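Read through the structure below, which is laid out as structure tokens, and then see the notes.
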Amino acid sequence: NRKGDKTITVGAKDFTEQYVLGSMISVLLSENGFNVTEQFGTGSTITREGLETAQTDLYAEYTGTAWAVYLNRADEVISDPELLYDMVKAEDAANGIVWLAPAPMNNTFALAVRADDVAAYGDSLTSLAAYNNAHPGEIIFGISHEFYERADGFWAMADAYGMKVEESQVRNMDAGLSFEAIDRGQIDVAMVFATDGKLPKFNLKVLTDPQNFFPIYNMAVCVRQEILDQYPEIEEILAPLSEFDDESMQLLNYKVDAEEIPAEKVARDYLEAEGLI
Amino acid sequence: MIELKNVTKKFGQLEAVHNLSLCLEKGKITMFIGPSGCGKTTTLKMINRLIEPDEGDILVNGESIFTQEPVALRRSIGYVIQDVGLFPHYSVFDNIALVPRLLKWDEKRIQTRVDELLDLVTLNASYGKKYPLQLSGGEQQRVGLARALAADPDILLMDEPFGAIDPINRSKLQDSFLEIQETIQKTIIFVTHDINEAITLGDRIAIMNAGHLVQYDEPNEILQNPKDDFVEHLLGADRNLKALSLEKIRDYLDEDAYLTVAPGTNPEQIKQKLRTANRKLALAVDENGILQGRYNLEPSSTQADGEKLSYDGQPVVMSRNNNLIEALSMMLETGENQLPVVTSKGKLRGVIKLTQIFAKVEAAKAEKNI
Amino acid sequence: MIELKNVTKKFGQLEAVHNLSLCLEKGKITMFIGPSGCGKTTTLKMINRLIEPDEGDILVNGESIFTQEPVALRRSIGYVIQDVGLFPHYSVFDNIALVPRLLKWDEKRIQTRVDELLDLVTLNASYGKKYPLQLSGGEQQRVGLARALAADPDILLMDEPFGAIDPINRSKLQDSFLEIQETIQKTIIFVTHDINEAITLGDRIAIMNAGHLVQYDEPNEILQNPKDDFVEHLLGADRNLKALSLEKIRDYLDEDAYLTVAPGTNPEQIKQKLRTANRKLALAVDENGILQGRYNLEPSSTQADGEKLSYDGQPVVMSRNNNLIEALSMMLETGENQLPVVTSKGKLRGVIKLTQIFAKVEAAKAEKNI
Amino acid sequence: MSFFEFLQVYQSKIWLEFVQHLRIITISIPIAILISAPLGFLISSRPKLAKIVLNFASILMTIPSLALFGIMVVVLAPFKLGLGMTPAVVAISVYSILPITRNIYTALNQVSPSIVEAAVGLGMSRGQILSQIKIPLSVPVIMAGVRNAVILGVSVATFASLVGAGGLGSLIFSGISRTNLKMVVVGALLVSFLGIVVNYLFLILEDALTPAGLKIKN
Amino acid sequence: MSFFEFLQVYQSKIWLEFVQHLRIITISIPIAILISAPLGFLISSRPKLAKIVLNFASILMTIPSLALFGIMVVVLAPFKLGLGMTPAVVAISVYSILPITRNIYTALNQVSPSIVEAAVGLGMSRGQILSQIKIPLSVPVIMAGVRNAVILGVSVATFASLVGAGGLGSLIFSGISRTNLKMVVVGALLVSFLGIVVNYLFLILEDALTPAGLKIKN
Ligand SMILES: Nc1ncnc2c1ncn2[C@@H]1O[C@H](COP(=O)(O)OP(=O)(O)OP(=O)(O)O)[C@@H](O)[C@H]1O
Ligand SMILES: Nc1ncnc2c1ncn2[C@@H]1O[C@H](COP(=O)(O)OP(=O)(O)OP(=O)(O)O)[C@@H](O)[C@H]1O
Ligand SMILES: [Mg+2]
Ligand SMILES: [Mg+2]
């Protein structure tokens with residue numbers, strides 16, 4: 001196949017990790033003779049709609065997001081990562097979407113606090129709950145709309161840990177803005193994603209989740225069946241992506257978020273360093 | 001011909017025009033006059049359908065205007081709007097060229113026509129490039145007039161077209177207006193608040209008051225026979241003088257009131273001749289009939305015979321086309337009660353006498369009383 | 001007093017006003033007249049600083065207007081704008097009340113004043129509620145006039161204030177204007193394009209042409225002594241008649257030209273008396289001096305003595321305040337060459353004779369030639 | 001879940017956010033107008049200043065709302081005002097400046113010269129001409145600008161949910177991130193409804209402000 | 001990383017997105033105007049239709065851009081146009097309708113009655129009065145609306161990145177999500193720069209469209 005015949009559109013959502021992963025997919029494919037069109041930075045649901053409507057061919061997605069949002073199964077909590085992957089893969093087959101091999105990284109929801117506050121709040125959700133209940137109304141939570149609204153979101157978490165949170169303690173806000181907000185002391189606890197590179201940048205501490213309350217968000221590449229049928233080699237080419245764990249992913253995100261290296265370069269540097277290209 | 005049949009227009013309570021029936025003759029100038037607010041503008045606007053009457057019908061050339069396409073109707077009717085209404089974004093040229101352009105004349109013809117019209121309204125051709133905001137009030141009004149005339153419409157509605165124009169330009173405009181009208185014979189409805197203008201220009205005058213037609217007649221008839229106090233008042237205290245302005249000297253020449261003598265005749269001889277003929281005036285006329293001088297026999301206490309003969313080598317004369325009011329004014333100026341009348345070449349045609357002017361009014365009265 | 005000193009204003013190339021120096025007397029009416037575009041409006045606008053001159057100075061009561069606060073200056077000057085410029089969003093009442101409100105008059109006083117002004121400009125009080133768009137052209141102009149007069153300013157600039165007003169309302173307005181002026185003695189600058197208006201209203205007339213002041217004089221002086229052809233032309237062919245309009249009959253009464261008789265005197269006796277006195281006119285006057293009738297001795301071919309005495313029980317009379325032109329017009333109407341003059345109560349004061357009218361013009365001429 | 005069931009379940013939340021949206025706009029729109037309108041009047045007779053202000057307002061207008069909120073989270077943080085109602089009010093005000101000031105500037109500068117001349121000639125001061133002549137005559141154009149700004153404001157208020165001020169934006173944004181179409185539709189419909197209501201109220205206001213003399217047409 | 005270093009590192013990306021933003025607006029703004037302006041003229045003499053159109057445009061204006069894009073991704077999918085330039089163009093057009101049509105409607109309806117009467121009286125047709133009299137006299141107000149819409153368009157174009165059309169929005173939005181202020185600032189500055197340039201171009205256009213007679217002031 002001459003380069004140029006194999007055209008493919010790669011998508012990515014509008015946050016750092018997605019740009020990194022998207023760039024990686026894009027680099028790998030073009031190194032392997034694909035003529036790649038990048039369609040990065042689209043809103044989360046828009047990205048998925050793009051895939052479903054064949055306007056995008058593949059992108060990196062998370063099992064938990066698909067399960068709860070696209071497949072509308074938020075009320076059935078599955079805490080076994082492999083089972084979740086299998087279920088999602090099986091169900092999405094009906095939509096003409098293939099889930100390639102999953103990575104161990106789990107970009108789940110998490111709550112983070114300023115490192116200084118760990119002394120007071122402790123390092124887990126359990127200790128946070130205790131502090132919160134002892135100091136009613138003191139802690140301000142910055143929570144994204146999605147997490148706030150979901151049945152398995154904020155309120156369910158508070159219930160699970162016996163945290164008594166008043167409505168007035170919650171600020172619904174854009175996830176991107178919450179880092180500045182916590183840094184400037186306008187909120188005390190921010191909802192974040194576990195692999196976010198800004199966590200080290202802002203010196204935030206992710207609280208542990210002893211009860212495994214948060215759903216699983218393993219990353220895997222979603223490809224349209226049609227495309228995979230046409231270019232079965234894609235599965236092989238993108239196999240390295242299934243290597244990422246939380247640390248390696250967070251490191252790459254950190255490079256983009258804190259060191260301000262362009263995502264495309266971060267991806268290429270990583271692939272080169274790993275000898276993948 | 002324009003015919004209004006029982007036309008009524010109300011604004012709320014106010015009846016601006018009441019049951020107006022009027023027949024405006026083709027090729028004639030009809031003047032509308034009346035107190036402000038009496039419905040003149042409203043009547044005009046009904047003719048080109050800017051205002052729709054509440055009742056009645058209006059026929060143009062026998063056809064009801066309400067069956068006609070308003071745009072086509074209006075293009076066949078020139079309209080000089082009372083508050084001028086020039087288009088501020090167009091130059092004077094473009095304002096005048098508007099209707100010809102609507103009618104898709106070619107630009108060369110338009111150029112010629114605009115120049116012609118600017119000249120007609122006594123504006124310099126350089127005004128074409130000016131914009132309305134740069135014109136004085138009277139200049140604006142003249143441009144508005146030119147605009148209405150541009151496409152040579154058969155019917156002209158003119159709402160106080162000379163309202164803001166000075167007497168010199170006004171009389172020039174009136175003259176050229178009448179001159180043109182003589183050849184082109186348009187049907188013109190002309191609103192004015194100047195009774196002299198109505199008399200000078202009008203073939204007929206329609207006098208309105210409070211929405212009603214009070215009198216509709218020829219100027220002379222109205223002057224001599226005002227229908228009621230209102231009309232009399234409108235005509236003014238000097239309406240008899242006004243009537244004189246309609247009469248040309250040519251129709252009142254007297255050829256017997258004087259003697260003619262050859263230039264250089266002996267004064268004593270002339271004195272003698274005048275006494276014999278019982279005249280006071282001798283006119284010196286050369287072999288070509290050209291008036292050369294004027295001898296007056298005047299009472300004198302220094303002269304032995306109680307009379308002296310004065311000579312004027314540059315006598316004041318009138319033209320046959322002057323009107324009686326001008327003759328009267330000149331008599332007042334000169335103190336003469338008779339003036340020689342000559343052609344444009346200077347040929348003597350007769351004299352006009354003060355007594356004749358008075359007699360003229362008398363005669364008109366007498367005629368009326370029969 | 002308003003003094004213009006070497007005032008010049010250019011619009012681009014065009015010199016709208018050229019080196020104009022003029023002294024406008026306090027308490028007098030100065031009329032500006034001239035062809036349209038000659039710079040009348042521009043001059044007016046320089047006085048209230050709507051236009052700043054390029055050169056020269058303007059003093060009001062001895063103080064340069066350029067050292068004064070424009071807003072205060074303008075409030076002390078009433079201004080009637082040529083294109084009326086009513087505020088379309090304000091009712092007639094509010095338009096007129098505008099300046100008094102700026103001056104914080106109380107509403108009661110304003111109400112009274114507006115009513116007074118509407119009456120003055122011959123508009124019904126109900127017009128207060130109308131809006132400018134609902135008025136006819138002449139009505140709008142009258143509201144504009146009322147607006148300028150509202151706060152009783154000492155100086156009035158009036159730019160063709162009666163331009164669109166019909167003769168009846170115009171002469172009413174002129175009369176009340178003169179009447180008020182007599183008591184309030186404002187300094188008024190009044191632009192007009194009507195030469196009759198200039199003559200009737202003006203204490204002085206300033207004639208302009210192409211930015212230059214051509215003649216500045218009293219009306220009479222201008223009529224009798226036009227400076228050049230331009231002025232003569234502007235005054236019109238009948239300027240001598242116009243001059244007569246400035247003269248009141250009261251100044252030309254003749255008390256010797258007739259005999260008085262008691263009412264009911266025997267006609268033959270009257271005839272006798274007239275012959276003896278070598279008069280043609282006998283007036284019947286009662287014991288209170290009231291004129292009752294008029295006897296004329298006229299030539300008659302049917303009568304044995306060649307004369308007959310006619311009697312008119314309702315003789316045409318003139319008032320002492322009529323002007324000579326009105327007298328002349330009435331003579332034309334009646335065919336008489338002398339008319340009795342009476343007071344408003346009917347008391348006989350004398351007669352006015354045609355010969356006297358002519359003599360008046362003669363006299364003026366003679367005076368000039370000395 | 002049927003649409004009807006959805007409405008029942010979310011009833012109180014919808015109502016809450018609706019009321020919150022209403023609060024945001026009833027606070028912010030008057031403030032926005034009170035800031036922009038005087039600015040428009042101020043620049044109306046100062047063409048140079050007007051150029052600067054209008055260019056600056058254009059720049060403000062091009063700042064995407066999210067970026068504006070991002071800036072405010074930082075800038076207003078010292079006053080503890082970076083989240084909640086304040087940034088929403090500020091953003092709505094910022095976006096209303098351009099449509100309001102530009103229309104005011106344009107409207108006031110195209111009042112008929114002869115009317116302005118009459119006003120000047122009668123001895124009205126600048127301020128009086130502005131308030132008694134130019135503004136009343138410009139009401140239609142000014143109100144066109146205000147109504148555009150107001151609608152824009154109702155729309156911008158949806159972003160308020162991104163900085164913790166709540167409002168119908170939270171329905172729309174969480175609806176979008178959860179692909180819950182019902183939620184998006186309900187949110188959007190209610191925003192539109194508010195838009196129409198506000199539009200209508202301002203139409204009434206416009207009618208009240210328009211001088212009677214301007215409403216007369218033959 | 002200093003701001004200067006940042007610019008060097010991101011140089012090509014910034015340039016790319018800038019050009020892309022430019023492309024989006026040069027395509028979409030003319031389209032937006034070509035849709036909105038005729039609509040404005042159409043409704044100018046039809047008050048009832050105008051009410052409907054303006055209300056409808058108000059509703060469109062209140063739809064949050066994200067929701068609008070979400071709808072288009074689905075609606076335009078059959079034509080493979082749901083992502084990229086098309087939805088951006090559509091959105092910019094949609095948001096320009098209100099400011100443009102409203103100002104056109106308002107402007108055309110406040111041309112002086114006596115001028116319109118003169119035009120009618122001279123026998124001009126509706127269309128001629130519109131094109132030769134009302135529109136030229138309304139240029140300032142119409143262009144005020146158009147320029148507002150255009151600035152809004154430059155701003156809305158930033159959202160185009162959310163549907164994969166790229167442009168300066170991707171700098172701004174990833175800057176926000178990365179809390180990379182430099183990125184946000186560069187993006188916002190460039191959008192503002194484009195805003196100023198476009199504003200300036202339209203000022204020139206306005207000047208060219210304004211009839212000479214209207215520019216004369218004493
Ligand atoms: N703003 C302007 N720009 C250029 N030329 C002007 C301007 N205003 C007036 N003019 C010109 O200046 C001259 C004098 O104008 P002005 O208005 O003073 O005349 P006017 O004597 O009042 O005439 P009218 O009797 O017609 O009102 C005219 O030729 C006119 O064209
Ligand atoms: N649109 C309107 N609404 C209400 N009344 C009106 C309207 N137009 C005119 N009028 C009234 O109708 C009457 C007749 O107006 P019209 O304009 O016909 O008068 P005109 O004879 O032309 O007066 P002028 O000599 O002052 O121009 C006036 O009393 C005027 O106030
Ligand atoms: Mg009229
Ligand atoms: Mg003038």
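Reminder, nothing fancy here: chain letters follow the sequence lines and each chain counts from 1. Keep in mind the model is a prediction, meaning the values are calculated, not measured.
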Cut-off 4.5 Å, heavy atoms of chain E, and the answer for A:Ala54 is both

The interface call for A:Phe15 against chain E, heavy-atom contacts under 4.5 Å, is both

Answer yes or no: does atom [atom1] of [X] have more than 12 heavy-atom neighbours from other residues, nucleotides or ligands under 6.0 Å?
X        : atom1 : result
E:Phe193 : CZ    : no
E:Arg46  : CZ    : yes
E:Phe3   : CZ    : yes

Okay, E:Leu81 and chain A: the region with an atom under 4.5 Å from a heavy atom over there is backbone

Okay, E:Phe69 and chain A: the region with an atom under 4.5 Å from a heavy atom over there is both

Using only the distance criterion (under 3.5 Å, no hydrogens considered), which donor-acceptor pairs connect chain E with chain A?
from     : atom 1 : to       : atom 2 : distance (Å)
E:Tyr10  : OH     : A:Glu260 : O      : 3.2
E:Tyr10  : OH     : A:Ile261 : O      : 3.4
E:Val73  : O      : A:Gln55  : NE2    : 3.2
E:Lys80  : NZ     : A:Ala54  : O      : 2.1
E:Gly82  : N      : A:Gln55  : OE1    : 2.4
E:Leu83  : N      : A:Gln55  : OE1    : 3.0
E:Leu162 : O      : A:Gly43  : N      : 3.1
E:Ser177 : O      : A:Lys198 : NZ     : 2.2
E:Thr179 : O      : A:Lys201 : NZ     : 2.9
E:Thr179 : OG1    : A:Lys201 : NZ     : 3.2
E:Lys182 : NZ     : A:Glu260 : OE1    : 2.9
E:Lys182 : NZ     : A:Glu260 : OE2    : 2.6

